[in-house]
Amino acid sequence: MTQQDAGFSDYPHVIFLDAVGTLFGVKGSVGDAYSTIARRFDVTADPTALNQAFFQTFKSATPMAFPETATAEIPQREYNWWYHIAYQTFAHVGAIDQFQDFPGFFATLYDYFATAEPWFVYPDVWPALTYWREQGISLGVLSNFDTRLYSVLRGLELEPFFSSITISTEVGAAKPDSQVFQAALNKHNCLPEQAWHIGDSVREDYEGAKAAGLRAIWLKR
């Protein structure tokens, strides 16, 4: 990502960026992390098979958004959502019966992904964020992640770049729903045509932002 991104010369009031797959990615694979932590609980499962099972389960899951949910209840709803994903992932590879303490394993796994340890920042992110900030452009994160995103951004030292963080679970709607884009715009008192959204998903980021009236940029990682 550079000042020449997408060939636009006129910069917006605010640039929103997706999180996972845009700002940062998983070291190795999700399957590697699941397998490594499972071994601490005496469970053996092939990381490649786990990775495939994870994405199958993730893609078929309901959106991670909880409308009409009290703010205090959101973290537990997120936890339960991911618990189901992890349980089904191991069930798909036939490893769930190996667990003596799946709740204990999942608690360890969930906490691990709230740290900087499993993530890496894409090398083009730092210069792009620095350049945009120098131009006086406001930056925001707009993500279908969960509230662990706050601690991940802090751990990766990305948080200072952003003046807003908008998460689907807190809004009660997930990309590509226009409601989550509008929630982000409201934080900047900004009209859709004054904003860009950059993300790696064609459906959630590009098509969602475009339908909401923002200038949409697909970042093909």
### Message
My understanding is that only residues two or more places apart in sequence, or in another chain, count here; which of them pass ring pair (Phe, Tyr, Trp, His ring centres under 6.0 Å) with Tyr122?
### Response
Phe120
### Message
Please list all pairs meeting salt bridge (Lys or Arg N to Asp or Glu O under 4.0 Å) that have one or both residues in residues 126-153, counting only residues at least two apart or in different chains.
### Response
Asp146-Arg148
### Message
For the residue pair Ser29 / Asp32, report whether a side-chain donor-acceptor contact shorter than 3.5 Å exists.
### Response
yes
### Message
Using side-chain heavy atoms (C-beta onward) and a distance below 4.5 Å, is Thr169 in contact with Phe145?
### Response
no
### Message
Could you work out, with side-chain hydrogen bond (donor to acceptor under 3.5 Å, both in side chains) as the rule, every residue matching Asp42, not counting sequence neighbours?
### Response
none
### Query
Rounded to the nearest 0.5 Å, how far apart are CG of Asp177 and CD of Gln182?
11.0 Å
### Task
Would you mind listing the cluster partners of Val14? Hydrophobic ones only (ILVMFWY), side-chain contacts under 4.5 Å, chaining allowed.
Phe16, Leu142, Val171, Val180, Phe181, Leu185, Leu214
### Query
Got a donor-acceptor contact below 3.5 angstrom from the Glu170 side chain to the Thr147 backbone?
no
### Query
Backbone N or O of Gly208 within a donor-acceptor pair of the Arg203 side chain at under 3.5 Å?
no
### Query
Got a second to check how far Leu158's CG is from Leu23's CG, nearest 0.5 Å?
6.0 Å
### Query
Taking the inter-plane angle between the rings of Tyr87 and Tyr83 on a 0 to 90° scale, is it parallel (under 30°), tilted (30 to 60°) or perpendicular (over 60°)?
parallel
### Query
Given side chains that start at C-beta, do those of Gln56 and Gln88 come closer than 4.5 Å, heavy atoms only?
no
### Message
Enumerate the ring pair (Phe, Tyr, Trp, His ring centres under 6.0 Å) contacts for residues 27-46, please, sequence neighbours excluded, ordered by first and then second residue.
### Response
Tyr34-Phe54, Tyr34-Phe90, Phe41-Phe105
### Query
Sub-3.5 Å donor-acceptor pair from the side chain of Thr115 to the main-chain atoms of Asp111, do we have one?
no
### Task
List for me each residue that meets ring pair (Phe, Tyr, Trp, His ring centres under 6.0 Å) alongside Tyr150, sequence neighbours excluded, and say none if there are none.
none
### Message
Please check this pair: side chain of Lys187 against backbone of Ile165, looking for a donor-acceptor N/O pair closer than 3.5 Å.
### Response
yes
## Note on the structure
Applying salt bridge (Lys or Arg N to Asp or Glu O under 4.0 Å) to Asp18 and not counting sequence neighbours gives Lys175
### Query
By side-chain contact (heavy atoms from CB on, under 4.5 Å), which residues pair with Ala61, not counting sequence neighbours?
Trp81, Ile85
### Query
Residues two or more places apart in sequence or in another chain: which of them pass ring pair (Phe, Tyr, Trp, His ring centres under 6.0 Å) with Phe161?
none
### Task
Look up atom OG1 in Thr22 and atom CG in Asp200, then write down how far apart they are to the nearest 0.5 Å.
4.0 Å
### Task
Give a yes or no on whether the backbone of Phe113 and the side-chain of Trp119 come within a donor-acceptor separation of less than 3.5 Å.
yes
### Query
Under 3.5 Å, side chain of Ser60 to main-chain N/O of Thr57, donor-acceptor pair present?
yes
#### Entry: Whichever hydrophobic residues join Leu191 through chains of side-chain contacts under 4.5 Å
none
### Query
Do Val30 and Leu50 come close enough that some side-chain heavy atom pair is under 4.5 Å?
no
### Query
Could you give all pairs that pass the salt bridge (Lys or Arg N to Asp or Glu O under 4.0 Å) test and reach residues 76-99, with sequence neighbours left out?
none
### Query
Any side-chain heavy atom of Asn144 sitting closer than 4.5 Å to one from Met64?
no
### Task
Can you measure from CD1 (Ile217) to NE2 (His197) and round to the nearest 0.5 angstrom?
10.0 Å
### Message
If the condition is ring pair (Phe, Tyr, Trp, His ring centres under 6.0 Å), which residues does Tyr206 pass it with, not counting sequence neighbours?
### Response
none
#### Entry: Whether over 12 other heavy atoms sit under 6.0 Å from Glu157 CD
no
### Message
Counting only heavy atoms from other residues, nucleotides and ligands, does the tally under 6.0 Å from CD of Glu193 exceed 12?
### Response
yes
### Message
Can you confirm whether Val121 sits close enough to Trp126 that some side-chain heavy atom of one is under 4.5 Å from a side-chain heavy atom of the other?
### Response
yes
### Query
Tell me, do Pro103 and Asp101 make a side-chain contact under 4.5 Å, heavy atoms counted?
yes
### Message
If you define the side chain from C-beta out and look only at heavy atoms, does anything of Glu204 sit under 4.5 Å from Pro176?
### Response
yes
